[in-house]
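See structure below.
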Amino acid sequence: MNILMVGDVYGEPGRAAITKLLPELRREHAIDFCVVNVENAAGGFGVTPPIARRILDAGVDVMTSGNHIWDKKEIVEYIVKENLLLRPANYPPGTPGTGSIVVKAGPHKVAVLNMMGRVFLPNLDCPFRKADEEIPRLRQETPIIVVDMHCEATSESQAMGWYLDGRVSAVVGTHTHVQTADEQIFPGGTAFLCDAGFTGPHDSVIGREIEPIIKRFMTNMPQKFEVASGRVLLQGAIVEINETNGHALKIERVSEPQVQT
Ligand SMILES: [Fe+2]
């Protein structure tokens, strides 16, 4: 089976790219299941219920998130009811929502586990120990498990990939908005990519207009950061998985331009 994992959808340009490009990508690559990180979908900060619904309608099976998940307060009520939107599993007990889900995909079941790193990010519970807790439970239902590791440090993302090798089908990083070129299959059969990149405007600094960011770096003065415009890419990775044992057979990066009309 083919699973498409898409990097952080950024603002309106990212949402438009999902709506326009996803149906064709699904057909072209015979995608059976699609996971999209949506934590920047609302103007770069969080996601709202109408936006989440629109993303699901575009052909997305499960939405993941990260440190921006709580930016829009109305998402708290939504995440409790809609379990197709995940927040990192290693938020402390009592946090609304869930960090993993098992969903039917044709004759198979796919488990999605969302996790967040702790280097240069909020100090959540240990994602490694949380994975140890979650994976045996998910494996009782299906050997097909994909992990969104929302991470700032490439070292932490890689460490998680190696730690989970042989136990999950894929570990794909999100959060930095910069696609890495290290896609590989580890010896135990786990596909890995340090960061999927992001879906949104790429003539930018990680999705925002360039000038105010440069000014901020040069002066340290507060600036208004708007979502950039211009060239849009949908970025992520397609993982081919053996449904019987959950092992990855192939991982391929996606960086699909949206033709401006
Ligand atoms: Fe993030």
Side-chain angles (χ1 to χ4, degrees), residues 5-15 17-18 35-48 51-52 55 60 62-76 78-79 84-92 95-100 112-128 130-131 146-161 170-180 182 192-202 204-209 213 216 225-228 232-237 255:
M5 298 179 76
V6 178
D8 313 27
V9 172
Y10 202 94
E12 210 315 284
R15 302 192 316 255
I18 289 289
V35 181
V36 174
N37 188 300
V38 299
E39 73 147 8
N40 304 120
F45 298 97
V47 59
T48 63
I51 288 175
I55 289 173
V60 171
V62 171
M63 298 174 289
T64 53
S65 66
N67 52 306
H68 284 291
I69 183 59
W70 311 120
D71 287 359
K72 299 280 182 279
K73 61 180 187 314
E74 59 268 40
I75 208 62
V76 177
Y78 178 85
I79 209 169
L84 295 176
L85 172 61
L86 303 180
R87 45 80 175 160
N90 53 321
Y91 270 103
T95 304
T98 177
S100 65
V112 182
L113 174 59
N114 191 184
M115 210 91 71
M116 186 151 81
R118 298 189 292 182
V119 179
F120 308 124
L121 280 168
N123 195 16
L124 304 186
D125 292 348
C126 173
F128 296 86
K130 190 68 195 175
V146 295
V147 178
D148 174 348
M149 180 62 183
H150 199 74
C151 231
E152 179 75 40
T154 48
S155 57
E156 197 175 16
S157 186
Q158 271 191 356
M160 182 61 84
V171 176
V172 172
T174 56
H175 176 71
T176 72
H177 295 191
V178 178
Q179 189 176 65
T180 56
D182 60 334
F192 178 76
L193 176 65
C194 215
D195 202 297
F198 84 105
T199 298
H202 277 249
S204 68
V205 177
I206 64 170
R208 296 173 191 172
E209 283 181 341
I213 301 275
R216 168 70 183 268
F225 300 134
E226 301 286 359
V227 174
V232 171
L233 296 174
L234 182 154
Q235 291 191 318
S255 191

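Numbers for residues simply follow the sequence, beginning at 1. Order of listing sets the numbers, starting from 1, for every ligand and every atom in it.
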Quick check: does any side chain N or O of R15 sit under 3.5 Å from a backbone N or O of A41, one acting as donor and the other as acceptor? yes
Listing protein N, O or S under 2.8 Å around the Fe ion (ligand 1) gives E39 OE2, N67 OD1, H150 NE2, H175 ND1
Looking at T180, V172, T154, V178, which hits side chain to side chain contact (heavy atoms under 4.5 Å, CB included) with D195? T180
Apply side-chain contact (heavy atoms from CB on, under 4.5 Å) to A153 and list each qualifying residue two or more places apart in sequence or on a separate chain. V119, S155, E156
Quick check: does any side chain N or O of N90 sit under 3.5 Å from a backbone N or O of D125, one acting as donor and the other as acceptor? yes
Going by salt bridge (charged side-chain N to carboxylate O under 4.0 Å, His left out), name the residues that satisfy it together with R208, two or more places apart in sequence or in a different chain. none
Who are the side-chain hydrogen bond (donor to acceptor under 3.5 Å, both in side chains) partners of S204, not counting sequence neighbours? none
